[in-house]
Amino acid sequence: MQAERDQWGSKIGFILAAAGSAIGLGNIWKFPYLVGENGGAAFIIIYLISILIVGLPTVIAEVLIGRTAQSNPVGSFKKLSNNSIFWTAIGGMGVFAGFVILSYYNVIAGWCAGYVVESLKGTFSTINNPAMAGELFAGLSSNPAWTLGFHALFMIMTVGIIYFGVSGGIEKAAKTLMPLLLLFMLALVVRGITLEGAKEGIIYLIKPDFSAINERTVLLALGQAFFSLSLGMGALLTYGSYMSKDDNLVNCSLNIVILDTAIALLAGFMFFPALFALGLQPDQGPSLIFNILPAMFNSIPAGGFFRVIFFLLLSMAALTSTISLMEVITAFFTEEFNLSRKKATIILGVFVFLLGVPSALAFGPMQNVHIFGKTFFGVADFFASNILLPLGGIFILIFVGWRWGMKEAIPNLIQGSRKHSAILLNIWKILVKFIAPVLVLIVLLFKILG
Ligand code: PFF
């Protein structure tokens, strides 16, 4: 174990870093297409309920484990369970999920950076319909040199930040990138809602049509809430472990959840008014960002400029998420194996890059290599985000609710807060012990059973 652990320089530093982990491709890419495929405003309402009854209580539970134990996921579970092998292995499952998610998430993050470069080069200036944009995307993503090159570049940026530690690397990056991200996003929202015909898109986002809701929608919303808040693998646990015991944990968690949700909603307001204004259907699916959007920008005033801003925004959001994934595995290796941070980050960066190669090639030379009927990328994504994250989440909730127990959890939770409400604490207890784990279990079972 290292003698001294790095800490956040300030409370706002922690909030921005954790919100940076939460805000990512999940908010800007996945959330809007799920809204578009599942009935607009009605899906948003179900999502907000999921955030409130499952997301927020789980964020608090995860940060609490880390802040109390002041260690990585494995060290934290080990410490608070008095060396139980089972619970230590649950921490290990989180670290493993971190490896897997980072390996493929970094590939998509690399595409975002690649699209910034292509936008600057003017590659999209003659692309004026979605079919052409789709063809261009297929060409780029299947080109091994392009996709592996940007996968490598993004990994270098991630490692470059983690190398400088918690306050010197992650916190500084979050404090620079998060305000910029918000600014870029607001610029794009204003651009979208001031286009002629944008009103219909705004109505789509605020007027619910509950006939579009069924049990599948509810499951999707709950799963998305989990992924979007970076829950279930120890990212918030690890960030929480660098938090001071004098800070108000509930208040910080609330801020993180509000920021993550606000950015997801803003992403909706960035896309749908523009989609409607350009006469496109809202249900464009996952291909929206790379296949359709690059062409859309050519139909709006100053589109070339906004295209660069958009892909920069996406890259920054992805970067604050990849660094949190990298920090989970780095904290584990430095603390459990006594490696220096600098050595660990470089070795891990190379390792995760290599692990991501088959995912990167799954869109080109390896597209016909299938495991369980999916490409390597598809398997990694399904296994990590549909199985490992919900499973990790259930165990985190059971651990706090039952194994470590509320008797220990509550005093640690209120440490650092000047006043607290007994009613809210009781609600949190019931959500953590009963409601949230059962709901996540249902999601998990549905995902496994297809
Ligand atoms: N929350 C991130 C997103 O919405 O894109 C993804 C993510 C990051 C998941 C970090 C898990 C994690 F530990």
Side-chain angles (χ1 to χ4, degrees), residues 16-35 47 50-51 54-56 58-59 62-63 65-66 72-73 91 93-112 154 158 161-162 170 173-174 177-178 181 185 220-241 253 256-257 259-268 286 289 313-332 352 380-393 396 440:
L16 288 178
S21 167
I23 296 166
L25 300 171
N27 303 58
I28 303 172
W29 177 29
K30 204 163 174 200
F31 180 76
Y33 84 68
L34 286 177
V35 170
Y47 179 77
S50 309
I51 289 281
V54 178
L56 178 61
T58 315
V59 169
E62 230 193 278
V63 175
I65 296 177
N72 65 81
M93 186 173 84
V95 176
F96 176 66
F99 268 113
V100 178
I101 297 181
L102 183 55
S103 74
Y104 72 83
Y105 193 92
N106 195 70
V107 171
I108 311 284
W111 291 351
C112 301
F154 218 86
T158 304
I161 293 170
I162 292 299
I170 303 172
L177 294 174
M178 297 308 285
L181 184 130
M185 194 134 199
L220 279 174
L222 205 57
Q224 170 65 9
F226 228 69
F227 183 79
S228 184
L229 287 168
S230 303
L231 289 171
M233 54 143 291
L236 294 184
L237 184 159
T238 305
Y239 274 15
S241 76
S253 303
I256 296 162
V257 172
L259 281 171
D260 185 62
T261 310
I263 295 289
L265 294 177
L266 270 181
I289 282 194
L313 161 85
L314 212 54
S315 305
M316 291 180 338
L319 185 60
T320 50
S321 296
T322 56
I323 59 178
S324 74
L325 289 157
M326 191 66 172
E327 181 57 25
V328 172
I329 55 184
T330 305
F332 169 68
V352 180
D381 180 29
F382 181 83
F383 181 58
S385 54
N386 288 353
I387 306 215
L388 291 179
L389 290 189
L391 203 58
I396 285 167
V440 183

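Residue numbers run from 1 in the order of the sequence given. Just so you know, ligand 1 is whichever comes first in the structure, and atom 1 is the first atom listed for that ligand.
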Contact atoms of ligand 1, heavy-atom distance to Ser324 under 4.0 Å: 10 (C)
Check against side chain to side chain contact (heavy atoms under 4.5 Å, CB included), Tyr239 and Val63: CA-CA 7 Å; Tyr239 274 15; Val63 175; over 6 Å; no
Option of least heavy-atom distance to atom 2 (C) of ligand 1 (set: Ser21, Gly98, Ala109): Ser21
Check: Ala235 main-chain N/O paired with Glu327 side-chain donor or acceptor under 3.5 Å: no
Heavy-atom donor-acceptor pair, Glu62 side chain to Gly232 backbone, under 3.5 Å: yes
Nearest protein heavy atom with distance in Å, relative to atom 5 (O) of ligand 1: Tyr105 OH, 2.6 Å
Atom indices of ligand 1 within 4.0 angstrom of Ala235 heavy atoms, with elements: 13 (F)
Ser228-ligand 1 polar pair, N/O distance under 3.5 Å: yes
Expected output: side-chain Asn106 to main-chain Ser103 donor-acceptor under 3.5 Å: no
For atom 13 (F) of ligand 1, the protein heavy atom that lies nearest, with its residue and separation: Met233 SD, 2.9 Å
Leu25, any N or O under 3.5 Å of ligand 1 N or O: yes
Atoms in ligand 1 flagged as close to Asn27, the criterion being non-hydrogen separation under 4.0 Å: 4 (O)
Under 3.5 Å: donor-acceptor pair, side chain of Ser241, backbone of Gly66: no
Backbone or side-chain N or O of Phe227 under 3.5 Å from ligand 1 N or O: yes
Ligand 1 atoms in contact with Ala22 (distance to a heavy atom under 4.0 Å): 1 (N), 2 (C), 3 (C), 4 (O)
Which atom of Pro390 lies closest to which atom of Phe226, heavy atoms considered: CA-CE2, 4.0 Å
Pick from Ser230, Ala318, Gly392: the one approaching atom 10 (C) of ligand 1 most closely through a non-hydrogen atom: Ser230
Donor-acceptor under 3.5 Å (Gln224 side chain, Gly26 main chain): yes
Backbone or side-chain N or O of Leu231 under 3.5 Å from ligand 1 N or O: no
Value rounded to 0.5 Å, distance of CD1 in Ile323 from CG in Leu177: 7.5 Å
